[in-house]
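Shown next, in structure tokens, is the structure this report addresses.
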Amino acid sequence: MINKVVSNAQEAVHDIQDNAVVMFGGFGLCGIPENCIQALLRSGVSGLTCISNNAGVDDFGIGLLLKTRQVKKIISSYVGENAEFERQLLSGELEVDLIPQGTLAERIRAGGAGIPAFFTPAGVGTEVAEGKEVREFHGKLYLLEQWLRADFALVKAWKGDSSGNLIYRGTARNFNPMMAAAGKITIAEVEELVPLGELDPNHIHTPGIYVQRIFQGQQYEKRIEQRTIRK
Amino acid sequence: MINKVVSNAQEAVHDIQDNAVVMFGGFGLCGIPENCIQALLRSGVSGLTCISNNAGVDDFGIGLLLKTRQVKKIISSYVGENAEFERQLLSGELEVDLIPQGTLAERIRAGGAGIPAFFTPAGVGTEVAEGKEVREFHGKLYLLEQWLRADFALVKAWKGDSSGNLIYRGTARNFNPMMAAAGKITIAEVEELVPLGELDPNHIHTPGIYVQRIFQGQQYEKRIEQRTIRK
Amino acid sequence: MLDKIGIAKRIAQEVKDGMYINLGIGIPTLVANYIPTKLNVVLQSENGLLGIGPFPTEVEVDPDLINAGKQTITMMPGSSLFSSSESFGMIRGGHVDLTILGAMEVSEQGDIANWKVPGKMVKGMGGAMDLVASAKHIIVAMQHCSKEGASKLLTQCTLPITGIKCVKKIVTDLAVLDVLPSGGFKLLERAPGVSVEEIRKATAGKLMIEGEIPEMVLD
Amino acid sequence: MLDKIGIAKRIAQEVKDGMYINLGIGIPTLVANYIPTKLNVVLQSENGLLGIGPFPTEVEVDPDLINAGKQTITMMPGSSLFSSSESFGMIRGGHVDLTILGAMEVSEQGDIANWKVPGKMVKGMGGAMDLVASAKHIIVAMQHCSKEGASKLLTQCTLPITGIKCVKKIVTDLAVLDVLPSGGFKLLERAPGVSVEEIRKATAGKLMIEGEIPEMVLD
């Protein structure tokens, strides 16, 4: 097997340059690459195009990179929980491309799987359809959507091994597996880096072939957005 | 959860009618729905269109249904190991549609995932491209391919629970997960039917939503085509 | 007139045994509390879970387990976890039996608007466009009129739409209505104490009333 | 002149550390035996495995673990298993670094024919069309001429083709050649004891010979 272990987040993101297109795994704050985001804050890289289902909150997740003005453009399905985001958007400092969540997931999946375009029904008849080819199949209308790929994909997994095999946990899986496949360079941070051979091959969610660098992250905060408790 | 357990293969396939379109999981003889095939032999249903990566061997797998002339058409990527198949094909008794393996897998995946058509590079410039739309993306040519769906999908898993959640084993996974999603009625036969809650939700390959009927199969032969041994 | 809980209770009556259901944020989430326990149904969360359970107790809270509203949740026995592309494959492929979601406007053709108000901050459509474009059956939970008294059941939507010709049934604070395939709202039931005339006044789109309209029965 | 093992050995020299490789049936499968053990490479089996190990011992045989040639196999530590759609997503997405496969004909444009002979029983293309359409680097293992002595390195393929403009390198019993992006076979090495003149005679397509052509070095 091929050893892809790097020592830390800083080393992993060292060559992410200004104006790079970067995918960030996660849904809300669940399953986001916390260590890589911190390392990008420290690297000071700017002009990033971020592809992420959400934009974090004011003081966590991608919200941190917004605050430091490191982000030029966001490609997301829902960006609602972020006041600084709203300010930058209204002032024209930030570009936003909103995409239906399933279309976003499938465009990223298509990028990783070498499918340059596909038809989907989401958005037919809405402003999302503007400028897109519409075609009828079996009596229903569909839009042609194109793949999404990125210079870098930053994903977060529960367990991983030195060859880049990954297992996610719970709903922290979300966009991570498709992004892992759609990054030219995919960087995986894991809660636990285990010895090669310890992960059951039958349980692996992301085969190592998609991952170029892997490291064990530190001090995961795993912030909860809506702590909802039953008495 | 919803209980989808039926008592046996005969009950599971009872409403597969003449001329049905049926998907069969498996690669070669690995991961094929042995019990369902036996039940179809006994039911005597005829005129089947079989979607399966391969066509079995003379006396096992789909080869059994060929011998009894229950098959009208086969949609496969490779059908090489079968003398009776060859005879019926040359005599015009059997229709065959050959599809590149990755295109077959993706067309079935698209069927389950509601993607009516997608672009793929496989087959560009070959006879597979005849009659198909060719389009250039990012300097490369691609063919437009359409989804495949079936009246019934017959899949084989290692473990399953009463709500239809499935876990496959080894390379016996192959086409089974996509077919499970692409069948109008999906019938899963499993080596072991376990109590609800016993399968780790994080390890499930096929979520139960895709499965309409499940039963524990019997007397799996799991025949090996090429028994290759190291001394 | 129904309150939010009343709307949720009435929608819960539409749930049938064996259904896989996606519940949107807001009133639809409340529906889960009123589904008869004798029914076996499975709730889908589009961020990657089939089998949403109740909210966790303090000790059960797991940051890796949230629903599409980002709330902490638990899993039912027999749950399964999957990626976002698998989740929307499930939705797009028509495997989810029922989608319940909120709306700002519905047209008599079944168009729905629920994601964007011109002039206000746009938060994004999330999964709503995928859900409405693909669901086999869509029930909308909404207020019949705006706070200003303007009807939200219209001939045509005035807000940017989320999907076309997709809504099949509407439950409002005033009534239960079907959207007919040929267009128009067909009045099925009145909320307790609400007259047909009140519903007629509150409905801007084409309203069809046939015979006696019964009052809803809620427990 | 090289035998099959010689061709496999020579192709093994093209393998670099860190590569993910798909090996076709026949000579390509033999290549695995000659990859230097100091290299870390991973073999992909398109039926759903990364990390093919050696054939099993009698007791290790597992009917649920086969390669694309339907042979029983084992797994290396660090292997992963996946579905056919994931496997071809990997291939189509360009994640596999090297594909080695057999051919019946190759054209000077890099077109390959290896799946069908008119008049003979058609068995199907299996995964070959997907592999040749998407691989980043393709090496073909083949005989330079047919049993009747006809060249298989042609100006244009005469058999139905599997893919266009995809072959980058060819290793035959006589020579190692590059297919140039602008068209033409560029002779790189001669098999032991084979002259440039013999290769010239055996090559029907455009052959480019520059300077001294070294003899292959095999151990």
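Lettering of chains follows the sequences in order, A, B, ..., and the numbering in each one begins at 1.
Other residues, nucleotides and ligands place more than 12 heavy atoms under 6.0 Å from the CD atom of B/Glu93. Within 6.0 Å of atom CD in B/Gln218, 12 or fewer heavy atoms from other residues, nucleotides or ligands are found, so the atom counts as exposed in its surroundings. Residue D/Lys4 places its NZ atom among 12 or fewer non-hydrogen atoms of other residues, nucleotides or ligands, all under 6.0 Å distant. When the shell of 6.0 Å around CE of D/Met76 is examined, it contains 12 or fewer heavy atoms from other residues, nucleotides or ligands.
Heavy atoms closer than 4.5 Å to chain B are found in the side chain of D/Glu60, but not in its backbone. Proximity to chain D (any heavy atom under 4.5 Å) is shown, for B/Asn82, by neither the backbone nor the side chain. Interface residue B/Ile229: backbone and side-chain heavy atoms are both found under 4.5 Å from chain D. Both the backbone and the side chain of D/Ile161 come within contact range of chain B, each with at least one heavy atom under 4.5 Å from a heavy atom of that chain. Of the atoms belonging to D/Lys165, not a single heavy atom falls under 4.5 Å from chain B.
For the options B/Lys140, B/Arg109, B/Glu86, B/Lys231, heavy-atom pairs under 4.5 Å to chain D are most numerous at B/Glu86. For the set B/Glu106, B/His205, B/Arg169, B/Glu225, the entry with the most heavy-atom pairs within less than 4.5 Å of chain D is B/Arg169. In terms of heavy-atom pairs under 4.5 angstrom with chain B, the leader among D/Asp62, D/Leu131, D/Leu49 is D/Asp62. In terms of heavy-atom pairs under 4.5 Å with chain B, the best-connected choice from D/Met121, D/Lys70, D/Gln71 is D/Lys70. Of all the listed residues (D/Ala133, D/Ala68, D/Ser84, D/Ser87), the one sharing the greatest number of non-hydrogen pairs under 4.5 Å with chain B is D/Ser84. Comparing B/Gly125, B/Ser77, B/Ala122, B/Ala105 by how many heavy-atom pairs each has under 4.5 Å with chain D, the most go to B/Ser77. Between chain D and the options B/Ile99, B/Leu90, B/Leu89, B/Val96, heavy-atom pairs under 4.5 Å are most frequent for B/Ile99. The candidate with the highest count of non-hydrogen atom pairs below 4.5 Å against chain D, out of B/Phe85, B/Trp158, B/Phe175, B/Tyr168, is B/Phe175. Chain B forms more heavy-atom pairs under 4.5 Å with one residue of D/Asp64, D/Thr74, D/Ile73 than with any other, namely D/Asp64. Options B/Gly28, B/Pro100, B/Ala172 differ in how many heavy-atom pairs under 4.5 Å they form with chain D, and the most are formed by B/Pro100. By number of non-hydrogen pairs under 4.5 angstrom with chain B, the leading residue of D/Ala113, D/Gly127, D/Pro56 is D/Pro56.
Interatomic distance, D/Asn47 CG to B/Asn53 CG, rounded to the nearest 0.5 Å: 9.0 Å. From B/Leu98, atom CG reaches atom CH2 of D/Trp115 across 6.0 Å, with rounding to the nearest 0.5 Å. To the nearest 0.5 Å, atoms OG1 (D/Thr72) and CZ (B/Arg227) are separated by 7.0 Å. Atom CD in B/Gln101 sits 12.5 Å away from atom CE in D/Met129 (nearest 0.5 Å). How far OG of B/Ser76 is from NZ of D/Lys123: 14.0 Å, rounded to the nearest 0.5 Å.
Paired with D/Pro63 under the rule side-chain contact (heavy atoms from CB on, under 4.5 Å), one option of B/Lys222, B/Arg223, B/Glu221 passes, and it is B/Lys222.
When all heavy atoms of B/Arg173 and D/Leu81 are compared, the closest pair comes out as NH2-O, 3.2 Å. Taking all atoms of both residues into account, the shortest heavy-atom contact from B/Val79 to D/Val122 is CG2-O, 4.0 Å. Between B/Arg230 and D/Phe55, the shortest heavy-atom distance links the atoms NE-O, 2.6 Å. Taking all atoms of both residues into account, the shortest heavy-atom contact from B/Cys30 to D/Ile66 is CB-CD1, 3.5 Å. Closest non-hydrogen pair, D/Asn67 versus B/Phe27, comes out as O-CE2, 3.9 Å.
Not one N or O on the side chain of B/Asn174 forms a donor-acceptor pair closer than 3.5 Å with the backbone of D/Gly48.
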